[in-house]
Visitor: 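The structure is given below, and queries will be raised subsequently.
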Amino acid sequence: MDFHGGLKLPLNHELTIDKPLTLAKPPRKVCVLLSQHSGSPAVASVAKGERVKLFDVIAKAIGAVSCDVHSPVSGVVEAVDEYAHPYYKYSQGIVIAADPPGEESGALSFNEAQRFEIDEIAELAKKCSVIDTVSGNKPLHSKLSGLKPSQVHYFIVSFVQNEPYIHNMETISHNYMDEIISSVSYLGDALSPAFIFLAIPYHMIKLITAIDNKLNKNRAEYKNFKIVRVTDKYPQANELILASSILKTKINPSKILQNHKCLILDASTMFHLYEALKFKKPQIDCHLTVSGYGITKPANVKARIGTYISDIVEQCGGFCGNVNSVIVDGLMSGYSQFTLDVPIIKSNRSITVIPTERLSSSGEEKCMRCKKCVDMCPMGLNPARLNFISRSSAHEKAVEEGIYSCIECGVCSYICPSRINIAHSIILSKKMILEANIRRRKMNEPI
Ligand code: SF4
Ligand code: SF4
């Protein structure tokens, strides 16, 4: 399975791929951000001085595309204020001084049920605030609520990840394979799709073999499961690209379910959904690949949300040498951090530390019209032209040129021999168009 454009990137997994998944040290203090997903941030429901228990709701969802936020520790609320956010610079957050390890309360009980109705699954996903990391980190319940079995013909579970230094999906899948396959079965039983495709890239050979062995042990139970090997090219993990390469058709971005009867979730989301279904456990942790040649002890870390990046860096032996940047969630589509006092959120996948000597310091040069960006854009856009239009703030023209189809993968910036940060100008322009539309809507002007 392949797609147009994209890039085969060096995976650089050698630092971490054979290391076990380790638990981050229990944090002494957490900062739980209220923007844990895309959509509306939650609103704090606790105040300074209040005692909270592990899993307590500390912020309430606002609207349909929003989730409650649960406390990842037991402790006392120290402050509710604005704090650094790994994606948006700042967000409201709740700082909690955690109880010493061993004094945590918050019990979970096992649910024996082996079948769940789809409404029940959506409700538990909502109650436990599970995030759908394949669809722009939206709350999972917003995808599942109101879904009817007849609406899903294809159910694709993505194990795909092919950005340098990141393999947390593979780590989760090896560590929790039974849980992931069980929750795929629960959702499969509830929706009865004709096909359940497990999309795994070629380079994850060990995972393909392990899952294949598991399915072969009980073919009757997994009769509609099929492993689909997909290319190792980036950005194969993108929901649209994955769906179109598996279903071999052009996909309408906003209508994957309606037009193509295709539901896509990823292995990480399926694991957190399993914990919600079987233990009613709120999603309070994430799995990170902490890597790069600027960190002393690269590791695979399971950490509570709200843990500061500085604590994780310290646990991994600190920096080695001069560090140029600390990037959260990937060199291609992630975010360079301006401080280490930034807490992790549910959707985080990686922390990559890049030493100074690994980066070229030269700046942008003039476009030489080589068209490499055009050839490689997986969405068939003309990135050079979009870059020019975006930098001239010609918003209407940018929309005509298809700026909304850009999936912000960064392939164009990576491939550009003139080192032009094309993706950055496009993302900025999209943001400006969105803000202008909101302003016009408020003033009742036509968009
Ligand atoms: S960032 Fe946008 S324009 Fe650039 S390659 Fe990706 S989809 Fe194309
Ligand atoms: S890759 Fe860079 S230099 Fe080549 S056409 Fe695109 S923007 Fe211009």
Side-chain angles (χ1 to χ4, degrees), residues 1-10 38 87-88 133-137 158 160-164 166 201 230-246 249-256 264 327-336 349 352 359-434:
M1 303 274 170
D2 201 352
F3 61 93
H4 163 80
L7 289 167
K8 187 125 198 260
L9 297 167
S38 52
Y87 303 160
Y88 312 131
T133 36
V134 89
S135 298
N137 305 324
S158 170
V160 186
Q161 207 164 41
N162 30 33
E163 269 196 78
I166 311 180
V230 295
T231 169
D232 288 323
K233 276 195 311 182
Y234 174 84
Q236 176 72 87
N238 177 274
E239 186 180 27
L240 270 183
I241 291 182
L242 188 61
S244 49
S245 57
I246 291 179
T249 179
K250 204 167 163 43
I251 300 283
N252 181 332
S254 55
K255 297 200 167 139
I256 299 185
I264 307 187
I327 299 168
V328 167
D329 291 354
L331 265 51
M332 297 299 289
S333 53
Y335 298 79
S336 186
R349 304 172 282 146
T352 312
L359 283 188
S360 143
S361 56
S362 25
E364 291 188 354
E365 283 168 26
K366 258 182 88 175
C367 171
M368 56 175 90
R369 296 173 189 263
C370 66
K371 294 221 165 118
K372 281 190 176 168
C373 57
V374 181
D375 293 342
M376 294 297 182
C377 173
M379 299 308 288
L381 299 170
N382 184 333
R385 191 162 163 68
L386 273 173
N387 174 61
F388 177 75
I389 296 171
S390 298
R391 291 185 189 209
S392 350
S393 301
H395 298 326
E396 275 171 31
K397 255 206 140 24
V399 175
E400 278 167 33
E401 278 287 324
I403 196 166
Y404 284 131
S405 302
C406 169
I407 54 169
E408 303 176 9
C409 63
V411 164
C412 47
S413 305
Y414 183 92
I415 202 72
C416 176
S418 297
R419 295 177 299 279
I420 301 172
N421 199 343
I422 307 167
H424 181 73
S425 357
I426 294 176
I427 292 167
L428 221 61
S429 179
K430 276 167 95 173
K431 206 170 156 232
M432 283 161 72
I433 296 171
L434 194 76

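Counting from 1, the numbers follow the sequence of the chain as shown. First listed ligand is number 1; within each ligand, the first listed atom is number 1.
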Visitor: Where is the nearest protein heavy atom to atom 6 (Fe) of ligand 1: which residue, which atom, and how far?
Guide: Cys409 SG, 2.3 Å
Visitor: If you take the nearest heavy atom of each of Ala384, Cys370, Cys367, Pro417, which one is closest to atom 4 (Fe) of ligand 2?
Guide: Cys370
Visitor: What distance separates Leu434 CG from Tyr404 OH, expressed to the nearest 0.5 Å?
Guide: 6.5 Å
Visitor: For the pair Ser245 (side chain) and Ile241 (backbone), establish whether a donor and an acceptor sit closer than 3.5 Å, ignoring hydrogens and angles.
Guide: yes
Visitor: Under a 3.5 Å distance rule, please check whether Asn162 uses its side chain to pair with a backbone N or O of Lys233 as donor and acceptor.
Guide: yes
Visitor: Just by modelled atom types, is the Cys406 backbone N or O under 3.5 Å from a matching donor or acceptor in the Lys430 side chain?
Guide: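 Yes: the side chain of Lys430 pairs with the backbone of Cys406.
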Visitor: At a 4.0 Å threshold, what atoms of ligand 1 neighbour a non-hydrogen atom of Ile407?
Guide: 7 (S)
Visitor: Does Gly136 offer a backbone N or O that forms a donor-acceptor pair with the side chain of Ser38 under 3.5 Å?
Guide: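 Side chain of Ser38 to backbone of Gly136, a donor-acceptor pair under 3.5 Å: yes, one is there.
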Visitor: Looking at Asp329, is its backbone amide N or carbonyl O close enough to the side chain of Arg349 to form a donor-acceptor pair, meaning the two atoms are under 3.5 Å apart?
Guide: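 Flag set: sc Arg349 to bb Asp329 pair under 3.5 Å.
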Visitor: If the cut-off is 4.0 Å to any non-hydrogen atom of Pro383, which atoms of ligand 1 fall inside it?
Guide: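 Reading through ligand 1 atom by atom, the close ones are 3 (S).
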Visitor: Starting from atom 3 (S) of ligand 2, find the nearest protein heavy-atom neighbour and note its residue, name and distance.
Guide: Met368 N, 3.4 Å
Visitor: Run the numbers for me: atoms of ligand 1, each under 4.0 Å from some heavy atom of Met379, listed by number.
Guide: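 Counting from 1, the qualifying ligand atoms are 7 (S).
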Visitor: Treating Ser158 as the side-chain partner and Val160 as the backbone partner, does any N or O pair qualify as donor plus acceptor under 3.5 Å?
Guide: yes
Visitor: Does Ile426 come within less than 4.0 Å of ligand 1, judged by its heavy atoms?
Guide: yes
Visitor: Please list, in number order, the atoms of ligand 2 under 4.0 Å from a heavy atom of Ser418.
Guide: 3 (S)
Visitor: Please step through salt bridge (charged side-chain N to carboxylate O under 4.0 Å, His left out) for the pair Arg391 and Glu364, ending with a clear verdict.
Guide: CA-CA 14 Å; Arg391 291 185 189 209; Glu364 291 188 354; 3.0 Å; yes
Visitor: Under 4.0 Å from a heavy atom of Gly410: give me the atoms of ligand 1 that qualify, with their elements.
Guide: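 Atoms satisfying the 4.0 Å criterion: 1 (S), 6 (Fe).
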Visitor: Is a side-chain donor or acceptor of Thr249 paired with a backbone partner of Ser244 at a separation under 3.5 angstrom?
Guide: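 It does not hold such a pair.
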Visitor: Do Cys416 and Ile422 pass the side-chain contact (heavy atoms from CB on, under 4.5 Å) test, and can you show the C-alpha distance, the side-chain angles, and the key distance before you say yes or no?
Guide: CA-CA 8 Å; Cys416 176; Ile422 307 167; 4.3 Å; yes
Visitor: Below 2.8 Å, any N, O or S contact between Cys377 and atom 2 (Fe) of ligand 1?
Guide: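 Given the 2.8 Å cut-off, Cys377 does not count as a ligand of atom 2 (Fe) of ligand 1.
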Visitor: Using heavy atoms and a threshold below 4.0 Å, how should the contact between Glu408 and ligand 1 be classified: side chain, backbone, both, or neither?
Guide: backbone
Visitor: Between Val374 and ligand 2, which part of the residue brings a heavy atom under 4.0 Å of the ligand: side chain, backbone, both or neither?
Guide: neither
Visitor: Any idea which protein heavy atom is nearest atom 5 (S) of ligand 2, and the distance to it?
Guide: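 Ranking protein heavy atoms by distance from atom 5 (S) of ligand 2, first comes Lys371 N, 3.2 Å.
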Visitor: Please report which non-hydrogen protein atom sits nearest to atom 7 (S) of ligand 2, along with the residue it belongs to and the distance in Å to one decimal place.
Guide: Ile422 CD1, 3.7 Å
Visitor: What residue and heavy atom of the protein are closest to atom 2 (Fe) of ligand 2, and at what distance?
Guide: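 Answer for atom 2 (Fe) of ligand 2: Cys416 SG, 2.4 Å.
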